[in-house]
Amino acid sequence: MARHRIMGANGRILAAAFGVMGVTALAAVWTAQSGTAEADPGASPTPKPIVGQTSKPDPKLPDPVVNMDIAHASDKGAKGVNITIDDGPDPTWTPQVLQVLKANGVKATFCMVGPQAQAHPDLVKDVVADGHRLCDHSMSHDTTMGTKSSAYQSKEILDAQQMITKASGGVKPLYYRAPGGAFTPYSRQIAAAQGMRPLGWNVDSKDFKQPGVDTMVNTVKNEISSGPTVLFHDAGGDRGQTVEALRQVLPWLKEQGYSFGFPVR
């Protein structure tokens, strides 16, 4: 059958001869032959630029789906404070931290180590139930991981993500905090490709050194003007000073007009 006859009479002859499926198939062939074929729907689209991102992604790695720059700001703006709690969960200290946060109406971000989350899934679920957010803090808390191979960094990040997500009952971490701040461009992009914004900090309470409650409280008071993200811990040793420091500093921050939020995404 000649092509002009197939195409004539608004396709009536074609429809009768081949049916709807045949028309569709032949139309695709003609379109391709004419050089105007549509893009393969299975092909990966060109990634859209992420607003505000200054880092340049490596095209050989998975595209980031959230900003891969290290976050410090608060979603509450200039007078926002992000309370972040690292290294847990811990059966002794995490419940006490949760109690202080609840008493003050504060939501925080808990940066969990994978095996700790796996060992204490009920605590992970308690954190989520109280409205706090989860953060991936790696598998082994290796502060030198930034000097290790890409394969090692990936395993540290992705295995912990899976453990935390499983322990939470399916709630994924929204952030990734490198142990000791040992970020690399590679680790930031791997995390961001999984929907986890790299998370830094502005104020380090130094609670892991157990410097005394007054010292920790004064550190926050003196340094909060430098940025909103404050670092505490709920594991890795005796955190009694941390619990008491939070009990004192959270009301003070409210009195100064600060509101509590989450790190920007």
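Counting from 1, the numbers follow the sequence of the chain as shown. What you are looking at is a predicted structure, and each value in this text was computed from that prediction instead of being measured.
Criterion: ILVMFWY side-chain heavy atoms under 4.5 Å apart, direct or through other members. Under it, Phe110 and Met163 are not part of a common hydrophobic cluster. Clustering ILVMFWY residues whenever any of their side-chain heavy atoms sit less than 4.5 angstrom apart, transitively, puts Leu231 in a cluster other than the one holding Ile70. No path of Ile, Leu, Val, Met, Phe, Trp and Tyr side chains, each step under 4.5 Å between heavy atoms, connects Leu134 with Trp201, placing them in separate hydrophobic clusters. Hydrophobic clustering places Leu101 together with Val171 (ILVMFWY residues linked when any side-chain heavy atoms are closer than 4.5 Å, directly or through intermediates). Residue Phe208 is not grouped with residue Val220 when hydrophobic side chains (ILVMFWY) are merged at heavy-atom distances under 4.5 angstrom, including chains of intermediate members.
The side-chain contact (heavy atoms from CB on, under 4.5 Å) test with Thr109 singles out one residue from Leu199, Ile85, Val127, and that residue is Leu199.
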Distance-only donor-acceptor pairs under 3.5 Å for side chains of residues 147-155, two or more places apart:
| residue | atom | partner | partner atom | Å |
| --- | --- | --- | --- | --- |
| Thr147 | OG1 | Thr144 | O | 2.7 |
| Lys148 | NZ | Asp142 | OD2 | 2.8 |
| Ser149 | OG | Tyr152 | N | 3.1 |
| Tyr152 | OH | Asp142 | OD2 | 2.7 |
| Gln153 | OE1 | Thr184 | OG1 | 2.7 |
| Gln153 | NE2 | Lys148 | O | 3.0 |
| Ser154 | OG | Ser150 | O | 3.2 |
| Ser154 | OG | Tyr186 | OH | 2.5 |
| Lys155 | NZ | Asp159 | OD2 | 2.8 |

For residues 258-265, which side-chain N or O atoms pair as donor and acceptor with protein atoms under 3.5 Å away, sequence neighbours left out?
| residue | atom | partner | partner atom | Å |
| --- | --- | --- | --- | --- |
| Arg265 | NH1 | Leu174 | O | 2.7 |
| Arg265 | NH1 | Gly195 | O | 2.6 |

Worked check of side chain to side chain donor-acceptor pair (under 3.5 Å) between Tyr176 and Arg197: CA-CA 6 Å; Tyr176 166 66; Arg197 177 79 186 260; over 6 Å; no
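Using a 4.5 Å cut-off between side-chain heavy atoms of Ile, Leu, Val, Met, Phe, Trp and Tyr, Leu123 forms no hydrophobic cluster with any other residue.
Using a 4.5 Å heavy-atom cutoff, the side chains of Asp87 and His137 are in contact. Between Asn202 and Glu223, every side-chain heavy-atom pair lies at or beyond the 4.5 Å cut-off.
Within the structure, the ring pair (Phe, Tyr, Trp, His ring centres under 6.0 Å) test picks out no pair touching residues 59-81 (sequence neighbours left out).
Note: Gln189 CD to Leu61 CG = 4.5 Å, rounded to the nearest 0.5 Å. Note that CG of Asn82 is 6.5 Å distant from CG of Asp75, once rounded to the nearest 0.5 Å. Taken to the nearest 0.5 Å, the OG1 atom of Thr215 stands 11.5 Å off from the NZ atom of Lys209. Rounding to the nearest 0.5 angstrom, the gap separating the OG atom in Ser74 from the CD1 atom in Ile83 is 10.0 Å.
With sequence neighbours excluded, no residue forms a ring pair (Phe, Tyr, Trp, His ring centres under 6.0 Å) with His120. Legend: residues meeting side-chain contact (heavy atoms from CB on, under 4.5 Å) with Asn104, ordered by chain and number and at least two apart, are Val100, Val106, Leu250, Pro251, Lys254.
Of the charged side-chain nitrogens involved, at least one lies within less than 4.0 Å of a carboxylate oxygen, so that Asp86 and Arg177 count as a salt-bridged pair.
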